[in-house]
Asker: 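Starting off with a structure, shown below.
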Amino acid sequence: MNLLKKSKELTIENEEFVMEFDMRSIALYKELSNKPFVKGVGDLFKYDDEAIAMFIACTLRRKEEPTKPLGKEVLEGDILYFLLNHSSDVIELIAMSLPSDTSKNSKKN
């Protein structure tokens, strides 16, 4: 799978964060949720609260430590805050990062 690495900068309670989706995010998602990534993405795009919270946990990182997702720290924190304020951020980030269907274009070439 070829992911297009995208990121979003966020400020939460006067602290700088970055939301970034990469292979580390996928591995952490599988570890935390015990679910396949593809099922998680399907649930995410159905606006499933649990899937959204898991993907926020797997993509949110402190700006000074961008390679280390917060993971359980998010899940043990104020989940309602994250769901209300950052659901659209994580859905947009994942959607931008996944490859689009270019098979139609490649057949023309």
Asker: Taking salt bridge (charged side-chain N to carboxylate O under 4.0 Å, His left out) as the cut-off, I'd like each qualifying pair that reaches into residues 31-44, sequence neighbours left out, listed once.
Answerer: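 Residue pairs with at least one partner in residues 31-44: Lys35-Glu50, Lys39-Asp43.
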Asker: May I have all residue pairs that pass salt bridge (charged side-chain N to carboxylate O under 4.0 Å, His left out) and include part of residues 79-90, sequence neighbours excluded?
Answerer: Lys8-Asp89
Asker: Tell me whether the count of non-hydrogen atoms from other residues, nucleotides or ligands lying under 6.0 Å of CD in Glu13 goes above 12.
Answerer: no
Asker: Check whether any side-chain N or O of Arg61 sits under 3.5 Å from a backbone N or O of Glu20 as a donor-acceptor pair, and report yes or no.
Answerer: yes
Asker: Applying the 4.5 Å side-chain criterion to the ILVMFWY set and letting contacts propagate, would Val18 and Val74 be lumped into a single cluster?
Answerer: no
Asker: Side chains of Thr11 and Phe17: closer than 4.5 Å at any heavy-atom pair?
Answerer: no
Asker: Would a 4.5 Å heavy-atom cut-off, applied to side chains only, mark Leu60 and Leu10 as touching?
Answerer: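 Yes - at least one pair of side-chain heavy atoms lies under 4.5 Å apart.
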Asker: Of all the heavy-atom pairs spanning Thr67 and Pro69, show the shortest one and how long it is.
Answerer: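 Shortest heavy-atom contact: O-CD, 3.4 Å.
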Asker: Is there a path of hydrophobic side-chain contacts, each under 4.5 Å between heavy atoms, that joins Ile56 and Val41?
Answerer: yes
Asker: Name all residues meeting the salt bridge (charged side-chain N to carboxylate O under 4.0 Å, His left out) criterion together with Glu16; count only those two or more places apart in sequence or in a different chain, and write none if there are none.
Answerer: none
Asker: When rounded to the nearest 0.5 angstrom, what distance separates CG in Leu93 from OG in Ser25?
Answerer: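 Reported to 0.5 Å precision, the distance equals 8.0 Å.
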Asker: Listed by chain and number, what are the salt bridge (charged side-chain N to carboxylate O under 4.0 Å, His left out) partners of Lys6, not counting sequence neighbours?
Answerer: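 Counting only residues at least two positions away or on another chain, Lys6 forms no salt bridge (charged side-chain N to carboxylate O under 4.0 Å, His left out).
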Asker: When clusters are formed from ILVMFWY side-chain contacts under 4.5 Å, directly or step by step, what else is grouped with Leu84?
Answerer: Leu80
Asker: Output all residues satisfying salt bridge (charged side-chain N to carboxylate O under 4.0 Å, His left out) with Arg62, sequence neighbours left out; order by chain, then residue number.
Answerer: Glu15, Glu73
Asker: Partners of Glu9 by salt bridge (charged side-chain N to carboxylate O under 4.0 Å, His left out), sequence neighbours excluded?
Answerer: Lys63
Asker: If a pair satisfies ring-ring contact (aromatic ring centres under 6.0 Å, His included) and one of its residues is in residues 47-83, list it, with sequence neighbours excluded.
Answerer: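 Sorted pair list: Tyr29-Phe55, Tyr81-His86.
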Asker: Under the side chain to side chain contact (heavy atoms under 4.5 Å, CB included) rule, collect the residues that match up with Leu83, sequence neighbours excluded.
Answerer: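 Listed in chain order: Asp49, Ile52, Ala53, Ile79, Ser87.
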Asker: Indicate the atoms forming the closest heavy-atom contact of Cys58 with Leu32, along with that distance.
Answerer: SG-CD1, 4.0 Å
